[in-house]
Amino acid sequence: MTKLKQYKMFINGEWVDSESKKTFETLNPETNKPWAIVPEASAKDVDKAVKAAQKAFEGEWPKLLPRDRGKFLRDIGNQLRENAEMLGEIETIDTGKLFRETKKQANYIAEYYDYYAGLADKVEGTVLPIDKPNIQAITTRIPIGVIAAIVPWNSQMFLTATKLAPALAMGNTVVLKSSELAPAVIFEFAKLIEKTGLPKGVLNVVTGFGDPCGKALTTHNLVEKIAFTGGPETARHIIKNSAENLSEVSLELGGKSPVAVFDDAKQDNAINGIVAGVFGASGQSCIAGSRLYIQKGIYNEFLSKLVQRTEKIKIGAPMDSETEMGPLSNFKQLQIIEKNIKRTIEKGGKLKCGGKRHSFSNEGYYFPPTIIECDNHNLPTAKNELFGPVLSVMKFDTEEEVLKQMNDNQYGLSSGVYTSDLARGMRVSKAIRAGITFVNTYRLISPSAPFGGIKDSGYGKEAGIESIKDYTRVKTTWFYTSDEPSLDPFSMR
Ligand code: NAD
């Protein structure tokens with residue numbers, strides 16, 4: 001039997017087991033076998049991590065020149081670039097995501113650290129046009145304190161960067177909770193952080209389950225802000241938890257993103273965008289464009305081309321450079337997908353391709369890209385977030401009709417429009433209730449592009465210039481500017 005890789009948590013600059021010595025195994029989705037063993041944090045471990053972060057916040061870190069904090073961020077970016085191959089491999093083993101994607105992402109995520117390094121010394125305050133004589137008042141932006149950053153298993157490096165980079169740039173300290181489903185890459189990342197010489201306690205990493213680890217973190221009285229990415233059910237717990245410590249909360253949640261293809265769309269471009277948007281990362285992306293509306297003039301032709309292209313997707317081992325789709329990350333996900341497909345077919349949905357567990361491996365969580373034609377978008381696969389490679393397809397007639405349908409869902413994260421009429425692209429984009437709209441493209445991210453949703457997809461944006469301010473609080477300072485004594489305190493002038 002191969003020996004399992006052992007990880008430790010990173011608390012106050014030291015590598016530690018959990019106090020209880022409890023551990024859990026993380027599975028390789030390609031084989032369904034454990035490959036690494038990680039500590040399971042209890043409330044005591046979380047308390048240690050938060051106190052270390054608080055101590056670091058009371059130390060030199062927030063007092064450093066912003067430019068000097070920026071230098072640490074650039075070092076983190078460089079570490080990511082230099083170790084992209086290793087990080088990619090570990091993330092692939094733990095999540096089943098394609099190696100060529102995880103490696104590329106590790107490289108690209110370095111840009112987020114560069115971006116916020118550049119912004120570290122560009123956050124300014126204001127001089128207030130105050131309505132009182134002999135008074136000057138200003139506002140400055142101050143760091144918040146200890147930030148609890150909580151990430152789900154998919155794209156942990158990206159979702160960590162969008163929280164950690166602005167938080168550190170502004171002088172906060174962080175306790176990062178990785179997902180229990182794929183924690184390994186975050187430990188490897190913490191090893192790289194250690195190499196940069198970041199002061200002790202500025203970043204702490206804990207692993208464990210929602211309860212007790214996540215709960216202890218989000219209720220801790222020293223935590224001032226919770227930056228959460230995950231599902232809406234967990235978000236509801238987190239909001240309740242934050243009533244204990246009155247911390248600020250930002251939420252990046254799920255999606256059931258609609259995509260409309262109009263008769264005048266460039267079809268080959270639309271097909272590429274749709275396939276990338278819903279089958280990339282085996283559909284395990286929060287912005288997956290999983291509800292497709294095709295205009296009736298091209299419906300049959302377009303759907304048939306889309307099915308043909310989808311059937312060509314090469315499924316295989318995630319480390320193989322030829323593979324286009326790897327396994328799902330966990331067995332629970334596979335079961336949810338199967339259940340939703342079964343119920344949709346029972347209610348009249350027509351399977352166009354995929355739909356059954358892939359025979360590629362009896363052990364790994366392989367599921368083929370699946371397209372289901374639905375006569376309405378209330379069928380389960382068209383309505384629920386599945387977090388898997390399943391596309392539900394509906395027909396529409398007019399722009400007005402499709403807009404109504406696109407907006408008829410609890411989520412509002414992403415959306416897409418394919419049309420050669422740019423005026424229509426702009427109109428539809430304005431009318432869609434979603435945080436992101438892609439016109440004639442899909443599945444793009446950038447450090448300078450705000451990312452996040454509305455409705456049940458959460459609140460608070462990550463990435464972009466504005467989000468750095470979310471890691472600060474406004475402070476008002478009043479100056480008395482006269483040499484004369486101030487007014488008699490009992491005169492009410
Ligand atoms: P999840 O909500 O189950 O878990 C996310 C994290 O929350 C994990 O680290 C988990 O341990 C932690 N957690 C669970 N219970 C908790 C509690 N009571 N208190 C504190 N923390 C707790 O999500 P998941 O299944 O890992 O990920 C999939 C979900 O994440 C999907 O809904 C997906 O759309 C969403 N997601 C959103 C974005 C985005 O940016 N909008 C990006 C990626 C994933």
Side-chain angles (χ1 to χ4, degrees), residues 29-30 91-92 95-98 100-102 105 152-156 158-159 179 181-182 229-231 252-259 271-292 306-307 309-316 318 323-344 349 351-358 360 364-374 377 379-394 409 411 413-416 436 438 442-445 453 457:
E30 190 193 350
E91 192 172 4
T92 292
T95 64
K97 280 177 75 170
L98 299 187
R100 59 188 156 109
E101 187 161 345
T102 52
Q105 253 199 357
W153 58 268
N154 72 314
S155 298
Q156 289 195 80
F158 164 60
L159 298 164
S179 166
L181 293 173
T229 303
E252 292 289 343
L253 311 179
K256 187 71 197 174
S257 302
V259 175
I271 284 170
N272 284 342
I274 290 162
V275 167
V278 69
F279 300 130
S282 303
Q284 302 166 113
S285 155
C286 53
I287 59 169
S290 54
R291 283 191 287 148
L292 178 64
L306 182 63
V307 170
R309 172 67 190 89
T310 300
E311 283 175 332
K312 285 194 192 130
I313 293 175
K314 205 166 166 243
I315 299 183
T323 300
E324 292 172 338
M325 235 182 79
L328 298 171
S329 100
N330 61 80
F331 187 57
K332 193 172 137 218
Q333 212 49 46
L334 190 72
Q335 289 174 310
I336 293 173
I337 290 167
E338 285 179 331
K339 194 169 112 196
N340 274 270
I341 291 178
K342 184 167 173 277
R343 280 174 43 220
T344 301
L351 207 55
K352 303 301 284 183
C353 63
K356 284 201 184 77
R357 212 177 281 200
H358 203 274
F360 182 80
Y365 317 133
Y366 284 92
F367 200 85
T370 297
I371 298 182
I372 306 187
E373 208 178 1
C374 299
H377 63 215
L379 298 187
T381 59
K383 191 173 177 183
N384 305 328
E385 183 189 40
L386 300 185
F387 225 55
V390 182
L391 179 66
S392 300
V393 181
M394 281 76 55
N409 190 276
Y411 292 109
L413 182 54
S414 180
S415 53
I436 305 164
F438 295 102
Y442 209 87
R443 204 165 179 249
L444 300 174
I445 53 165
S457 295

Next item on the list: Let me see the working for C374 and T381 under side chain to side chain contact (heavy atoms under 4.5 Å, CB included), right down to the final yes or no.
Entry: CA-CA 9 Å; C374 299; T381 59; 4.1 Å; yes

Next item on the list: Apply the test side chain to side chain contact (heavy atoms under 4.5 Å, CB included) to residues N154 and L181: give CA-CA distance (whole Å), side-chain angles for both, the deciding distance (0.1 Å), then the verdict.
Entry: CA-CA 9 Å; N154 72 314; L181 293 173; over 6 Å; no

Check: Can T370 and L351 be said to form a side chain to side chain contact (heavy atoms under 4.5 Å, CB included), step by step?
Finding: CA-CA 8 Å; T370 297; L351 207 55; 3.8 Å; yes

Next item on the list: Given side chain to side chain contact (heavy atoms under 4.5 Å, CB included), test S257 with Y442 step by step and report yes or no.
Entry: CA-CA 11 Å; S257 302; Y442 209 87; 3.4 Å; yes

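Residues H377 and S392 fail the side-chain proximity criterion, which asks for heavy atoms closer than 4.5 Å. Taking 4.5 Å as the limit, some side-chain heavy atom of L413 sits within range of a side-chain heavy atom of C286. Counting heavy atoms from C-beta outward, V275 and T310 have side chains that approach closer than 4.5 Å. Taking the side chain as every heavy atom from C-beta outward, R443 and S285 approach each other to under 4.5 Å. Residues I371 and F279 have side chains in contact (heavy-atom distance under 4.5 Å, counting atoms from C-beta outward). Using a 4.5 Å cut-off on side-chain heavy atoms (C-beta onward), I337 and Y365 make no contact. With a 4.5 Å cut-off on side-chain heavy atoms, L292 and L306 count as touching. Side-chain contact between S290 and K256: present, with at least one pair of heavy atoms (C-beta onward) separated by less than 4.5 Å.
Partner of P389 under the side chain to side chain contact (heavy atoms under 4.5 Å, CB included) criterion, chosen from V278, L328, I315: L328.
In this structure, Q284 contributes its side chain and A281 its backbone to a donor-acceptor pair below 3.5 Å. Of the possible polar contacts, none joining the E30 side chain to the P318 backbone as a donor-acceptor pair under 3.5 Å is found. Between the side chain of S457 and the main chain of G254, a donor-acceptor pair closer than 3.5 Å is present. Without hydrogens or angle criteria, E311 side chain to C353 main chain gives no donor-acceptor distance under 3.5 Å.
Note that the CD atom of Q105 and the CD atom of E91 stand 6.5 Å from one another [nearest 0.5 Å]. Summarising the geometry, atom CD belonging to E252 is positioned 11.0 Å from atom CD1 belonging to I287; distances are rounded to the nearest 0.5 Å. Rounded to the nearest 0.5 Å, atoms CD1 (I445) and CD1 (I436) are 10.0 Å apart. Rounded to the nearest 0.5 angstrom, Q156 CD and T229 OG1 are separated by 10.5 Å. Atom CE of residue M394 and atom CG of residue L379 lie 8.5 Å apart, to the nearest 0.5 angstrom. With values rounded to the nearest 0.5 angstrom, E324 atom CD is found 12.0 Å from E101 atom CD.
Aromatic ring orientation, F387 versus W153: perpendicular (interplanar angle above 60°, classes split at 30° and 60°).
Between K383 and N409 the shortest heavy-atom distance is O-ND2, 3.2 Å. Counting all heavy atoms, side chain and backbone alike, P368 lies closest to G355 at CG-N, 4.1 Å. Closest approach of G326 and L98 over heavy atoms only: N-CD2, 3.7 Å. For F367 against K356, the heavy-atom pair with the smallest separation is CE1-C, 3.8 Å. Nearest heavy-atom pair across P327 and G96 is CD-O, 3.5 Å. Of all non-hydrogen atoms in I271 and R309, the two that sit nearest each other are CG2-CG, 3.7 Å.
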